[in-house]
Student: 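Can you keep this structure in mind? I'll have questions shortly.
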Amino acid sequence: QVALVESGGGLVQTGGSLRLSCAASGRTVSRYSMAWFRQVPGKEREFVAAIRWNRGITYNEDSVKGRFTISRDNAKNTVFLQMNSLKPEDTAVYYCAMRDVFLENGHYYTPSDYDYWGQGTQVTVSS
């Protein structure tokens, strides 16, 4: 049984920072591709960042380049998303996801590529 639990969302002013956490159980995050997506009402879920088992990282360069950092703590079996210089357009529900393929290389950007999802955490950036 795989479970992903996000935390760390909240309300922040423009220019502020938040750190999201995704605690996993049932799988070891260091052996799978993990990703963060976000979604606003009426729009498709958008890729934010991903980290592979070998620590290869990709970002949605257009929207978060230089501001967000994805990382992983193997001892805590947790993935993080550090978000700096937040903008009102970053307001969304942020979801953690896991692709259930062991030690896989490759880049995966669409929600259908991922098998397990957390419940989401709301991030609101006020102007």
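Numbering starts at 1 and runs along the sequence shown. The model shown is predicted, which means the values in this text are computed figures rather than measured ones.
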Student: How far apart are the C-alpha atoms of Ile70 and Tyr59, what are their side-chain angles, what is the distance that settles it, and do they pass the side-chain contact (heavy atoms from CB on, under 4.5 Å) test?
Tutor: CA-CA 9 Å; Ile70 189 171; Tyr59 293 100; 3.8 Å; yes
Student: Within the 4.5 Å heavy-atom criterion, are Asp90 and Arg38 side-chain neighbours or not?
Tutor: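 Result yes, sub-4.5 Å side-chain heavy-atom pair found.
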Student: If you take all heavy atoms of Ala23 and Thr78, which pair is closest and at what distance?
Tutor: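 For Ala23 versus Thr78, the nearest heavy atoms are CA-OG1, 3.8 Å.
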Student: Donor-acceptor pair, Asn77 side chain versus Arg27 backbone, under 3.5 Å?
Tutor: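 Present.
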Student: Can you hop from Ile57 to Val64 via hydrophobic side chains spaced under 4.5 Å?
Tutor: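 Hydrophobic grouping puts Ile57 with Val64.
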Student: Can you name the closest pair of heavy atoms from Asn74 and Ser30 and give their distance?
Tutor: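 So the two residues come closest at OD1-CB, 3.3 Å.
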Student: Are Tyr116 and Met34 connected, step by step, through hydrophobic side chains (Ile, Leu, Val, Met, Phe, Trp, Tyr) whose heavy atoms are closer than 4.5 Å?
Tutor: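 Shared cluster, yes.
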Student: Less than 4.5 Å apart, side chain to side chain, heavy atoms only: is that true for Tyr94 and Met83?
Tutor: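 Yes - at least one pair of side-chain heavy atoms lies under 4.5 Å apart.
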Student: Using only atom types and a distance under 3.5 Å, with no angle test, would you say the side chain of Ser17 pairs donor to acceptor with the backbone of Asn84?
Tutor: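 Answer holds: no.
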Student: Under the side-chain contact (heavy atoms from CB on, under 4.5 Å) rule, what do Asn105 and Asn54 come out as? Steps first, then yes or no, please.
Tutor: CA-CA 8 Å; Asn105 293 316; Asn54 59 0; 3.2 Å; yes
Student: Whether the side chain of Asp115 engages the backbone of Asp100 through a donor-acceptor N/O pair (distance < 3.5 Å, no angle test) should be reported.
Tutor: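 Yes; at least one donor-acceptor contact below 3.5 Å.
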Student: Any chain of hydrophobic side-chain contacts (each under 4.5 Å) joining Val40 to Leu86?
Tutor: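 No, Val40 and Leu86 fall in different hydrophobic clusters.
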Student: Measuring from Thr58:OG1 to His107:NE2, what's the distance to the nearest 0.5 Å?
Tutor: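 Taking OG1 in Thr58 and NE2 in His107, the distance rounds to 6.5 Å.
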Student: Can you check whether Leu81 reaches Val48 side chain to side chain, under 4.5 Å on heavy atoms?
Tutor: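 A side-chain contact under 4.5 Å exists here.
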Student: Counting C-beta onward and ignoring hydrogens, is there a side-chain heavy-atom pair between Thr28 and Trp53 closer than 4.5 Å?
Tutor: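 Sidechains of Trp53 and Thr28: no contact.
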Student: Do Thr110 and Phe47 have side-chain heavy atoms sitting under 4.5 Å apart?
Tutor: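 Thr110 does not reach Phe47 side chain to side chain.
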Student: Search all heavy atoms of Tyr114 against all heavy atoms of Ser33 and return the closest pair with its distance.
Tutor: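 Taking Tyr114 first and Ser33 second, the nearest heavy atoms are CE2-O, 4.0 Å.
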Student: May I ask you to check if Arg45 and Tyr95 form a cation-pi contact, with NZ or CZ under 6.0 angstrom from the six-membered ring centre and within 45° of the axis?
Tutor: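 Yes.
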Student: Measure the CZ-OG distance between Phe80 and Ser71 for me, rounded to the nearest 0.5 Å.
Tutor: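 Going from CZ on Phe80 over to OG on Ser71, the span is 6.0 Å.
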Student: Any salt bridge linking Arg52 with Glu104? Criterion: basic side-chain nitrogen under 4.0 Å from a carboxylate oxygen.
Tutor: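 Salt bridge: no.
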Student: Is the CD atom of Glu44 crowded by more than 12 outside heavy atoms at less than 6.0 Å?
Tutor: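 Result for CD/Glu44: open.
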Student: For the residue pair Ser85 and Arg67, what are the closest heavy atoms and their distance?
Tutor: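 Closest approach of Ser85 to Arg67: O-NH1, 3.0 Å.
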Student: Kindly give the heavy-atom pair with the smallest separation between Leu4 and Gln119, and that separation in Å.
Tutor: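 Result for this residue pair: O-OE1, 3.6 Å.
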Student: Do the two ring centres, one from Phe37 and one from Trp117, sit under 6.0 Å apart?
Tutor: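 Close enough - the centres of the two rings lie under 6.0 Å apart.
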Student: Determine whether a donor-acceptor pair (N or O, by modelled atom type, separation under 3.5 Å) exists between the side chain of Thr14 and the backbone of Ser126.
Tutor: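 At least one qualifying donor-acceptor pair exists.
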Student: Output the distance between atom NZ (Lys76) and atom SG (Cys22), rounded to the nearest 0.5 Å.
Tutor: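 Here the rounded value is 14.0 Å.
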Student: Hey, any chance Leu103 and Val29 share a hydrophobic cluster, counting ILVMFWY side chains that come within less than 4.5 Å of each other, even indirectly?
Tutor: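 As far as the 4.5 Å side-chain criterion goes, Val29 and Leu103 are connected within one cluster.
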Student: Of all heavy-atom pairs between Gly9 and Leu20, which one has the smallest distance, and what is that distance?
Tutor: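 Closest approach of Gly9 to Leu20, heavy atoms only: N-CD2, 3.6 Å.
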Student: Please check this pair: side chain of Glu46 against backbone of Gln39, looking for a donor-acceptor N/O pair closer than 3.5 Å.
Tutor: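 Absent.
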Student: Given Phe102 and Tyr32, is the side-chain contact (heavy atoms from CB on, under 4.5 Å) satisfied, shown in steps?
Tutor: CA-CA 6 Å; Phe102 190 68; Tyr32 297 89; 3.6 Å; yes
Student: Go through the steps for Val79 and Trp36 under the test side-chain contact (heavy atoms from CB on, under 4.5 Å), then give the verdict.
Tutor: CA-CA 9 Å; Val79 175; Trp36 288 96; 3.7 Å; yes
Student: Is Tyr109 reachable from Val101 through a run of I, L, V, M, F, W or Y residues, each pair having side-chain heavy atoms under 4.5 Å apart?
Tutor: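 No, separate clusters.
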